[in-house]
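Only one structure is covered here, and it is reproduced in the block below.
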Amino acid sequence: MAMSALEKVIKKRAFAPILNRMVYAMETSIIIEDTGGKLLMATDGAEMLTRYPVSVAGEVIGWVSGSERVAAIASLLSYQAESELEKRSLASETLNKYKEITLLYDIVEKISSCLDTKEVARLVIEEARRVIRLSSVSVLLLNKETDMLELVAEYGHEQDTSTTVSRGVGIAGSVWASGRAEIVNDVHSDPRFIESAVALSSLMCAPLKAKDAVVGVIKLGNDQMVTYTAEDLKLFTTLASLAAVAIENASLYEQLKDAFYTTVYTLAETIEKRDPYTGNHTKRVMEYSLAIGKTLGLPEDDMARLQLGAVLHDIGKIGVRDSVLLKESSLTDEEFEQIKMHPAFGEEIISRISQLKSAIPGVRHHHEKFNGRGYPDGLAGDKIDITARIIAVADSFDAMTSNRPYREGLSLDAAFEELRKYSGSQFDPEIVDAFFAADVMEAFFTANSRQKIVL
Ligand SMILES: [Fe+2]
């Protein structure tokens, strides 16, 4: 059987001898028992005279019986039990603080390096689940265009369909409006509560504040009625404020990345405009290349440089004269030599911009052939960068299927046949296989949607 609180005090190594000496010095008989009736100490000849309670925080934990003199023992035991209790709660408070700090440190470590808002939201949910009693969490971020909060990540909400929140509507909407975190321990008695498919009894909701603006809201709840405390709320709001900083960083990074891609894309399109018949070639080559890369399972870094390379592959054509580039009849050898300069021109242009350098292999080598008979360097096999081998297939497929003023594009079947025919000589067979395994058709229709090509 577990020891009672009083038994623990009496048996404590540092305290037991003191108690014994006091009893001996008092020259009196004594009986000490806990509230369960267990006899913890009894001297010879002890008889019950008066019972003095031993109590902690107003609660009786045992009795000391004997003459009037033993009242002092009862007081001493009460004092000792009380200080034990204080020590324990102090220790658990310190432990909680320690856990909280470790937790927050862990979170900062994990999310501060994350540059994707959805990933930050997912990590925050993971951490919240680890430290707070909950059965559902949702992270809602402000869409500045619609001025609504939109759900970006959730846990435990599988059947919930409400994914947007208006300012001031519902508990999340009112936390957004006030900018203050809230505990609602009984949601059904809160008039702001909006019924949803998710069973919810208690919730906490905190704003995501970046600088002074609320950029979103985190809401977590429990399907059981629980009492969230001020301590829970403190931990939760700290988590929310860390999340807000990370989300703001990630979203700035995303905006910067978007602006960067838009600029690069506009640059490529400007070149394309010189030759109106190639309309949308850049976009299609990018879509096909990404579909192939995805099928090959390329890592994120390679996908990023593949995208840039595909967009910029013909940027060097800016250095080729119109009379050659736009010539509709066949080219002379000298003119063809000029066209063959465009990959090197392309490299020269993008090598001046540090953010574009990763696209150099794709740009310089997109006309290399798998058998080494391409240009400009005559590289073969896997000496040709993977992005260039992919762009070569995507570029050729698009050139074959596009209409030109002086010739009709090939039918899809004929273009497929050409790819198969030159697989292993002009093209890397693995890339051709990936092309056929990839959802290139989806990319084809997406890229051609504006052109309405009838197959
Ligand atoms: Fe090219």
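When reading the values below, keep in mind they use all heavy atoms of this one structure, side chains included, and skip hydrogens, waters and symmetry mates. Each ligand, and each atom within it, is numbered from 1 in the order the structure gives. Numbering of residues begins at 1 and proceeds along the displayed sequence.
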Legend entry - Which residues share a side-chain contact (heavy atoms from CB on, under 4.5 Å) with Q307, sequence neighbours left out: Y261, M286, L290

Inset, instruction - Please name all residues satisfying side-chain contact (heavy atoms from CB on, under 4.5 Å) with S202, sequence neighbours left out, ordered by chain then number. - result: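 By the side-chain contact (heavy atoms from CB on, under 4.5 Å) rule, S202 matches N185, M225, V226, Y228.
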
If only side-chain N and O atoms count, and only distance matters, is there a donor-acceptor pair under 3.5 Å linking [Y] with [X]?
| X | Y | result |
| --- | --- | --- |
| S136 | E154 | no |
| D398 | H281 | yes |
| S411 | D413 | no |

Legend entry - Count of N, O or S atoms belonging to protein, less than 2.8 Å from the Fe ion (ligand 1):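 Under the 2.8 Å cut-off, the count stands at 4.
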
Considering only distance and modelled atom types, tabulate donor-acceptor pairs under 3.5 Å from the side chains of residues 419-435, sequence neighbours left out.
{"unit_1": "S425", "atom_1": "OG", "unit_2": "Y422", "atom_2": "O", "d": "3.1"}
{"unit_1": "D428", "atom_1": "OD1", "unit_2": "E430", "atom_2": "N", "d": "2.9"}
{"unit_1": "D428", "atom_1": "OD2", "unit_2": "R389", "atom_2": "NH1", "d": "2.7"}

